[in-house]
Amino acid sequence: MPRKKAKSRKAVPALATLVVMRLYIAAGAPNSVKAVANLQAICKKHLLDGFKLEIIDVLEFPLRALADGILVTPSLSKIAPSPGTKIVGNLSDRSNVLFALGIKT
Amino acid sequence: MQALPKIPTGIPGFDDLSHGGLPRHRTTLVKGGPGSGKTLFAVQCLVNAVRKGRQRGLFVAFEESTQQIAANADTFDWKLSALMKGKLFFLDARLSPEVVHSGDFDLSGMLAMLKAKKQELAADWIVFDGIDVLLTLLRDPAAEMREIYRIRDWLADNQMTAIITAKTDGGPAGAVNYDFMQFMVDCVVRLTRRQEQAVSLHRLQITKYRGSDFMAGDYPVSFGPSGMEVAPPEPVEIHHRASNERLSTGFERLDKMLGGGLFRGSSTLVTGLPGTSKTTLAGKFAEAACQRGERTLFVSFDEGAEPIARNLASVGIQLKPHVKSGMLRMYSARTESTGAEDHLGKLKSLIREFRPRCMVIDPLSAIAKAGALEAARAVASRLIYMVKDQGITVFITAINEGDDPAAEATDLQVSTIADTWIHLSYLIRSGERNRALTIVKSRGTWHSNQVRELILRATGPVLADVYTAGGEVLMGTLRWDKEDFERGRDLKRRAEFDHKRRELQVSEADTNARIKALQQELERQRADLTAYSSENDARIVSSTDREKELRRIRGADSARPGANGHAKKGNGKVSRDAP
């Protein structure tokens with residue numbers, strides 16, 4: 001059902017702005033793996049106009065994540081357009097993610 | 001088996017309870033209700049580890065902001081802000097409410113960051129403060145369990161001494177995992193706080209310590225300038241030296257009543273209603289001690305040192321010169337300002353610092369006001385034991401409501417611990433209030449059972465004999481009255497007695513006279529009887545003689561001389577039967 005709806009909206013993308021995001025993951029952790037997959041699916045469906053996604057492995061760059069104010073993984077930071085938001089979790093609740101990213105569905 | 005390596009926490013008392021501190025490179029769970037001091041316990045451990053053990057630590061705060069923790073810590077002399085620079089790392093791990101949740105998350109990233117920080121600082125300690133807050137965010141019991149396991153494995157891999165704090169009343173959702181958490185950790189410390197009569201009572205209990213012995217009791221916690229302090233449990237065995245040295249109470253009469261004075265190192269309890277001169281007695285004791293050259297600590301509750309000294313001076317007890325010379329230290333405290341526990345802590349440090357040989361606590365019953373009675377009782381007995389442990393001769397006063405000395409015993413229950421118990425009471429008769437002193441008990445010594453009247457004079461208090469009459473103790477003018485009355489009664493009684501005696505003497509003489517008369521009569525009668533008998537004998541003899549004479553005169557033959565009619569008859573019969 002949601003898929004159908006999403007497809008119908010896909011034809012008329014409301015946003016033309018570039019979405020800049022950072023996804024902090026712990027490589028190999030099940031939730032992080034899920035998050036990457038979920039986010040990629042969302043981007044494919046909703047951010048056709050373009051987005052910038054940086055995936056940071058906290059296991060590799062822990063101090064950077066710390067400096068960025070990251071606590072748990074996976075965490076998604078939307079940097080642009082402003083205001084910035086933070087989403088924690090494996091992004092399985094798609095409507096929440098879309099809402100936080102400011103994407104009208 | 002090798003003893004479990006432990007790290008001292010530096011929390012006074014706790015290291016005694018745990019026989020050395022927290023298990024090194026293992027995890028300790030600190031659980032308790034809100035405001036029970038969990039965070040404080042953890043921060044204090046870290047601060048001590050840094051300051052005393054030159055160790056480094058990480059602090060992960062799930063519940064409070066770093067600023068809040070620092071502000072709370074600044075009420076103690078820890079200088080936490082300075083330690084935060086390079087020695088302690090505080091991670092504000094509160095998830096902002098603005099953060100959008102979408103699905104499950106985990107701590108693998110956070111633990112990776114903490115590991116990096118640990119390596120950077122070479123940290124040995126880690127605190128997870130308020131882990132229950134984090135676990136509730138997971139919204140899934142299975143996920144909670146998973147993350148607890150993750151933390152456990154991480155701690156094991158990283159060889160850190162860890163403290164995890166958690167609220168115990170986090171609701172039923174958390175209950176299962178808390179049980180599991182208790183199983184997973186090596187040591188569990190439970191903190192509790194109760195509000196009783198407007199005073200918070202904090203207690204600490206070690207409920208589990210894997211591989212180690214510990215003291216399992218529930219012990220009171222107090223908060224001093226250096227943080228939390230756990231009341232060290234009293235040693236089970238009592239080691240009090242028993243001295244035979246006697247100390248004066250300041251009253252010669254009272255010393256005599258006690259068989260020579262108080263034993264050094266003993267405790268004396270003075271009970272009585274307000275105004276029965278308990279403080280006067282205590283003041284006299286303190287003055288006498290100072291005059292002997294013994295350092296004395298005078299602790300007064302709810303009354304200032306100045307007024308006490310002034311009031312005592314009015315009855316001839318001079319304390320001020322001794323305060324000036326440094327022999328006497330007066331300490332006054334308001335009981336309601338802090339809990340009984342904190343008073344004990346303060347007195348402890350005073351004793352440590354001043355090292356008194358004699359001590360007065362006036363009145364000890366005041367600490368019952370500082371919170372709950374149960375706690376006050378424990379504090380009172382611990383205070384007495386502590387003082388006795390140090391060989392200090394202590395003089396304690398206690399107000400008891402009602403005039404029954406036993407009523408006090410049910411109040412603070414110090415009377416069983418005290419060696420000597422003096423009770424002061426009033427006797428109010430005919431518009432006068434007089435003070436009576438009795439010794440209820442005095443261990444190990446003879447003591448008088450007599451009631452004495454305590455008279456306050458400008459030159460000093462004195463003890464006087466009381467007048468007892470008809471089972472009543474009389475004092476003051478009533479005593480004079482009664483004595484007068486008794487004297488009169490005695491006189492009358494003596495007169496009555498004399499009269500009766502004389503009466504009896506007279507009647508005795510009378511009876512004696514009568515006895516004499518009767519005896520005379522008796523003797524006369526006896527004489528009559530004797531006279532009569534001899535006359536009768538004489539008559540019998542003469543009649544026999546007369547008969548003989550008569551026969552001789554008649555010339556009758558008498559075959560048998562001296563025979564009479566009877567014999568003749570008998571013979572006749574025999575002769576007649578013969579033929």
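Chain letters run A, B, ... following the sequence lines, proteins first and then strands; every chain starts at 1. Computed from a prediction, not measured in an experiment: that's the story for all the values here.
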Undergrad: Quick one: does V100(B)'s side chain get under 4.5 Å of L76(A)'s, heavy atoms only?
TA: no

Undergrad: For L114(B), which atoms come within 4.5 Å of any heavy atom of chain A: side chain, backbone, both, or neither?
TA: neither

Undergrad: With the side chain counted from C-beta on, respond yes when V99(B) and I87(A) share a heavy-atom pair under 4.5 Å apart, and no when they do not.
TA: no

Undergrad: Verify the neighbour count for atom NZ of K6(B): are there more than 12 heavy atoms of other residues, nucleotides or ligands below 6.0 Å?
TA: yes

Undergrad: Not counting sequence neighbours, list each pair that qualifies as a side chain to side chain donor-acceptor pair (under 3.5 Å) and has a residue in residues 29-40 of chain A.
TA: N31(A)-N90(A), N31(A)-D104(B), N31(A)-D106(B)

Undergrad: Only heavy atoms, only distances under 4.5 angstrom. Which residues in residues 67-77 of chain B are near chain A?
TA: none

Undergrad: For R150(B), is it the side chain, the backbone, both, or neither that has a heavy atom closer than 4.5 Å to a heavy atom of chain A?
TA: neither

Undergrad: Going from CZ on R94(B) to CG on L71(A), what distance comes out if it is rounded to the nearest 0.5 angstrom?
TA: 10.0 Å

Undergrad: Can you establish whether the number of heavy atoms outside K208(B) located under 6.0 Å from its atom NZ is more than 12?
TA: yes

Undergrad: Taking every non-hydrogen pair under 4.5 Å, which of L63(A), V97(A), T85(A) racks up the most with chain B?
TA: L63(A)

Undergrad: Could you tell me which portion of F62(B) (side chain, backbone, both or neither) has an atom closer than 4.5 angstrom to a non-hydrogen atom of chain A?
TA: neither

Undergrad: Measure the CG-CE distance between L59(A) and M113(B) for me, rounded to the nearest 0.5 Å.
TA: 9.5 Å

Undergrad: Please give me the minimum heavy-atom distance between S92(A) and G103(B), naming the atom from each residue.
TA: OG-CA, 3.4 Å

Undergrad: Under 4.5 Å heavy-atom distance to chain B, tell me which part of A29(A) shows up: side chain, backbone, both or neither.
TA: side chain

Undergrad: To the nearest 0.5 angstrom, please state how far the OG atom of S102(B) sits from the CD1 atom of I42(A).
TA: 7.0 Å

Undergrad: Where does I70(A) contact chain B at under 4.5 Å (heavy atoms): side chain, backbone, both or neither?
TA: both

Undergrad: Where is the tightest heavy-atom contact between T73(A) and S108(B), given as atom of each residue plus distance?
TA: OG1-OG, 3.5 Å

